[in-house]
Amino acid sequence: MLRMATRVATGLILLIAVAVFVFPLYYLVVTSLKTKAELFAAVPTLFPHAPTLAPYFSVLVTRAMSGLLMNSVIAGLSATALALVVAFAICYPITRLPVSRGLRTFVLNWALSLRFLTPIAVVIPYFTIVRAIGLYNQLPALIFVYALFNLPLAIWMLKGFLEEIPLEIEEAALVDGATRFHAFRTVLLPLSGTGLLAAGIIVFAFDWAEFLYAFILTATPKAMTFPVGVQGLVTQFEIIWNDMAAGGVIAIVLPVTLMLFARRYVMTGLTFGVIREK
Amino acid sequence: MSLAARARTNWSARSRQERLGLRLLLPVFGTVLVIATIPFILAVIRATTADDGRFIGIDNFTKALGNTQLYESVKQTGVYAALVLPTEILLGLALALLVHRTVKSVALRAVIYVAAMIPIVIPQIAIGVVFRLVYAPDYGILNALLGDTGHNQILWLSSPPLAMLSVASVDIWQWTPFVYLIMFAGLQTVPVESIEAAQLDGATSWTQFRHIELHYLRPLLLLVIFFRIADVLRVFDHVYVLTGGGPGTTTEFLSLYLYRVAFRFSDLGQASALAVVVMAAMTAFYTLISRFLPAEKG
Amino acid sequence: MGSWKRATVLLLGAVLSACSNTPGASGGGGSNVTLTIAAVQGVEDTGLKALAPMYTQKTGVKIDIVEAPYPDLYTKLVNTFKSNDSTYDLVMMDDPWMPKFGTDGSLSDLGKLGIQKDSDIADVVWDVGTWPPPRGPVPPSEKDKDKQLLGVTIVGNVEMFMYRKDLTDPPASYDDVLANAKAQNKSDLAGYLIRGKATNPVVADFLPILWSFGGDVFDDSWKVVFDNDKSLAAVKFLVDDLKAVAQADPASSDAADRDRLMAIGQGYQSSTWPGEINTAVLGEGTTVKGKVGFIPIPKGPSGKGVGMMGNWMLGVPVASKNQQAAADFIKWMLEKDTQKTYAQNGGIPSRTSILKDASLTDANPYFPVLADALTAPPNWRPRTDQWNAVETIMGNHLNAALAGQETAQEVVDKASAEIRTLMTGAGYPSQ
């Protein structure tokens with residue numbers, strides 16, 4: 001009896017939680033399908049009266065934001081790759097070689113403290129640097145910055161994964177006469193594939209969403225990313241919520257699709273390696 | 001055998017291996033360290049010089065620290081953090097426990113898992129748009145659902161206490177699933193035997209949680225708290241889109257205040273001084289709380 | 001170890017070469033000139049965007065328009081100028097921004113590039129684009145500079161007043177405005193629509209009121225007068241009287257919000273920029289076509305109604321590599337025929353003859369009013385490089401008052417104190 005009540009209560013709570021979380025997204029999609037006239041309605045509607053895909057066309061074609069999408073993809077992928085490479089280069093010695101404990105703690109601590117860095121605080125120095133080395137309004141500037149900002153996350157996630165892989169496996173290869181690099185390439189790398197993919201997806205998601213630096217360090221669509229473009233739809237005099245909503249939906253589609261395809265890896269990634277794919 | 005134990009047993013092999021480790025680690029880590037520290041140095045330089053390049057010592061610092069807006073901003077950031085952090089952590093943990101204990105269907109768990117992943121990957125700009133569409137008066141959906149129209153609408157974004165709550169709710173909406181996912185996965189690692197043994201001994205749900213599950217969750221929990229604290233203290237994007245710091249300066253958190261000084265007032269000297277102060281404060285804060293960080297696995 | 005390095009270098013190389021293949025990164029080659037224009041996102045650059053392809057057809061010069069929303073454009077321009085970047089060949093600037101760019105020496109003298117004053121365009125247009133300003137207080141650091149033409153108006157915006165002419169006669173003074181507002185105010189019709197969002201929006205809405213009441217921010221010697229009696233009366237009028245008959249949430253209403261309410265018949269009157277009229281107030285979705293009247297700003301207790309100008313100007317950054325080509329484009333935009341085409345494509349011309357052209361009045365009922373407003377002349381915002389900061393201070397306090405956090409007295413006291421600190425810190429005469 002109590003069991004039944006508990007189950008009903010639980011079900012109710014979960015239902016409410018899901019509704020609360022899903023509703024804003026639902027409304028975003030709905031708004032992206034409305035016509036401009038409908039946006040003027042005195043009372044907003046929960047369902048578009050005359051659904052249209054015009055906002056999507058407007059965003060991608062008329063406003064030419066597909067170029068910005070491309071930039072976001074390139075910057076995101078490159079930054080992720082760079083962050084993973086650097087993170088691996090740092091995590092490998094820490095987890096698989098007898099580096100002193102003090103150094104290890106220092107590196108890990110420093111990596112975590114980097115996350116506390118307020119991005120806006122360093123945006124001016126970075127702007128000066130980027131300007132000085134001639135990378136203003138170029139994608140590489142964003143790539144390096146994104147890689148740096150997501151390094152803490154990448155390091156801690158990879159560390160968790162690499163720690164789960166027993167040292168013995170490499171030892172066995174070494175004993176058999178392989179060089180350390182060979183052992184790394186043929187034994188460790190394949191095993192850490194899951195970890196790399198997991199960390200990579202999450203880092204990519206964060207890169208994809210970044211706004212402030214993309215805004216400050218770029219000036220033209222050559223290097224601007226999609227979030228900057230969406231923000232650019234906020235005008236003083238016009239309500240173009242439908243276009244903005246379409247932009248928002250587009251911005252969500254790519255990372256969510258990625259997440260869905262690789263959900264098992266995300267699961268492992270988010271737990272810093274504690275849970276491994278069974 | 002742990003790394004440390006292995007190290008003690010063979011001196012010469014240790015040296016060789018350790019040297020290799022250092023040769024790999026130091027260049028890469030060193031470069032990253034330098035790249036990350038240069039901006040700090042540049043900020044110090046900019047903060048101690050006037051617009052025309054003269055050295056003016058701590059003038060900008062006095063100006064920055066003498067501005068009462070700074071403290072107002074810090075206070076508001078504190079309020080925000082106090083609202084958001086406990087709610088996210090406790091709610092995420094509670095939901096994780098709830099699902100872990102009562103939902104047994106694998107399919108349902110998987111569905112919840114996937115749904116929870118979505119808010120994390122949504123760009124902040126999109127989040128800002130979504131919630132403006134929810135909270136705005138006149139064309140926002142929330143007031144419409146509540147049946148509030150005309151002059152007596154609830155002003156979610158303009159009434160000071162509500163504005164803070166609205167902005168906080170967005171953060172909670174986006175990150176509670178994150179906490180949930182991590183906690184839920186952590187709960188999977190708790191050995192089933194311990195739970196069964198405890199239940200046989202007549203332990204209540206609460207005791208079970210406190211003495212067994214929490215023990216296994218602790219490292220993850222602390223890590224999550226760390227990351228969330230860091231993120232909450234530097235929040236910018238969705239607040240910028242939702243309220244722009246308003247009404248007045250109610251939601252002008254630290255990042256937004258820095259943005260205002262740097263880009264609205266164009267006072268780069270003061271902005272740099274602020275940046276240096278903020279970075280130093282964060283470092284000190286981090287050092288303080290890092291004592292609680294879980295020691296790594298031996 | 002070597003393999004490590006090799007792998008990393010290879011990866012970075014791949015990344016970098018991928019980047020150099022991104023669209024546009026290879027740069028425009030050949031003899032064709034491309035002009036990049038930094039423009040404001042929204043109705044103000046509609047005409048510009050329509051005209052650009054015509055120019056390209058005529059001269060072969062390609063035009064690239066990069067848009068940004070109002071506050072972001074300002075930040076973008078400040079950053080670009082500070083770093084002497086040559087990305088932009090032409091920049092759209094709101095007239096209150098120009099003093100800062102002029103003071104910093106970031107813009108080229110258009111007179112030297114061949115742009116001459118034309119009497120068919122109201123004097124105030126040439127005056128507002130001249131630095132140092134030919135009238136009014138001049139910032140102390142600029143007193144000895146020669147006057148140069150640094151910007152030419154391409155959007156001849158002067159703030160006007162709109163009201164529902166099907167409901168009442170035009171208000172002649174702000175007393176009428178208030179009386180009408182109180183009389184018309186209903187649950188689904190706001191007596192006055194306040195544009196109260198923080199910083200620029202609320203200040204733009206408020207300055208005409210401030211001036212019509214005889215108040216001001218500065219006097220002729222840069223002394224802050226925002227806390228004198230007349231200014232206080234104006235602030236009280238906004239945050240007490242008008243707020244009582246305003247829409248539900250003035251503190252978060254920007255122009256788009258008040259236009260929407262006006263367009264669906266839920267607002268009785270408000271101030272307005274010409275740019276808002278055809279796209280927002282009378283555009284798609286409107287229910288009040290033919291019912292809205294446009295008049296100059298009503299008179300205040302000072303006896304005068306003072307309109308405010310908000311011209312969008314085109315200027316040429318000194319860092320641009322296409323100085324003459326950019327100036328030629330501006331010259332073309334000012335020509336009479338171009339101005340007519342511009343007006344027909346949603347632009348707001350500055351030539352008096354075009355504004356009074358009868359063939360355009362049907363589609364743009366406010367043009368004749370605008371022509372008169374420009375010749376009045378309207379007032380402009382204080383010409384100081386600190387204006388953005390001043391506007392931020394005033395805007396935040398006015399917004400706080402509209403949100404119920406401050407009283408009118410607190411607004412003028414706090415804002416004045418902060419502005420004084422700001423100005424003395426920036427080298428202006430002590431207050």
Side-chain angles (χ1 to χ4, degrees), chain A residues 35-42 63 67 70-71 74-75 77-79 81-82 84-86 88-89 92 124 127-128 130-132 136-144 147 179-182 184-185 215-224 228-229 231-241, chain C residues 1-4 7-8 11-12 14-16 18-25 36 38 40-44 64 66-72 75-76 79-80 82-85 87-88 188 195 197 200-201 254-257 259-261 263-266 273 275-276 279-280 283-287:
Chain A
T35 60
K36 190 167 166 193
E38 216 181 323
L39 292 176
F40 271 59
R63 299 185 193 276
M70 206 58 225
N71 285 344
I74 295 176
L77 286 178
S78 312
L82 186 57
L84 287 178
V85 164
V86 175
F88 210 116
Y92 181 81
I124 300 165
F127 178 71
T128 317
V130 160
R131 186 62 210 132
Y136 182 65
N137 200 34
Q138 314 257 20
L139 274 182
L142 288 181
I143 294 174
F144 283 117
T179 64
R180 188 161 272 280
F181 183 69
H182 189 79
F184 162 74
R185 207 164 50 85
F215 170 60
I216 300 286
L217 295 180
T218 65
T220 65
K222 175 175 89 165
M224 271 185 198
V228 181
Q231 165 69 353
L233 292 171
V234 180
T235 78
Q236 293 187 299
F237 293 156
E238 264 192 299
I239 294 194
I240 35 178
W241 292 116
Chain C
M1 173 64 162
S3 325
W4 263 104
T8 322
L11 183 66
L12 281 176
V15 164
L16 285 171
C19 299
S20 66
N21 282 333
T22 54
T36 311
V40 66
Q41 159 84 290
V43 306
E44 300 94 329
D64 234 348
V66 180
E67 297 174 306
Y70 185 88
D72 299 345
T75 308
K76 192 69 12 120
N79 285 346
T80 311
K82 252 195 219 309
S83 61
N84 243 335
D85 186 66
T87 314
Y88 303 126
D188 61 348
R195 183 185 174 204
K197 191 154 183 236
N200 176 269
D254 202 343
D257 305 302
D259 290 341
R260 179 182 158 271
L261 286 173
I264 58 176
Q266 290 198 348
W273 291 102
E276 300 172 42
T279 41
E284 193 188 329
T286 185
T287 57

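What you are looking at is a predicted structure, and each value in this text was computed from that prediction instead of being measured. So you know, we letter chains A, B, ... as the sequences are listed, proteins then strands, and number each from 1.
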Between C/Leu261, C/Asp64, C/Ile264, the one whose heavy-atom pairs under 4.5 Å with chain A are most numerous: C/Ile264
Residue among C/Pro69, C/Gly265, C/Gly42 with most heavy-atom pairs under 4.5 Å to chain A: C/Pro69
Nearest heavy atoms of A/Phe127 and C/Asn79, plus distance in Å: CZ-O, 3.5 Å
Minimum heavy-atom distance A/Tyr136-C/Lys76, with the two atoms named: OH-CD, 4.5 Å
Heavy-atom pairs under 4.5 Å with chain C, option from A/Val228, A/Asn137, A/Thr220 with the top count: A/Thr220
Heavy-atom proximity to chain A below 4.5 Å, by part of C/Ala280: both
Proximity breakdown for C/Thr75 and chain A, heavy-atom pairs closer than 4.5 Å: side chain
Side-chain (C/Tyr88) to main-chain (A/Ala219) donor-acceptor, under 3.5 angstrom: yes
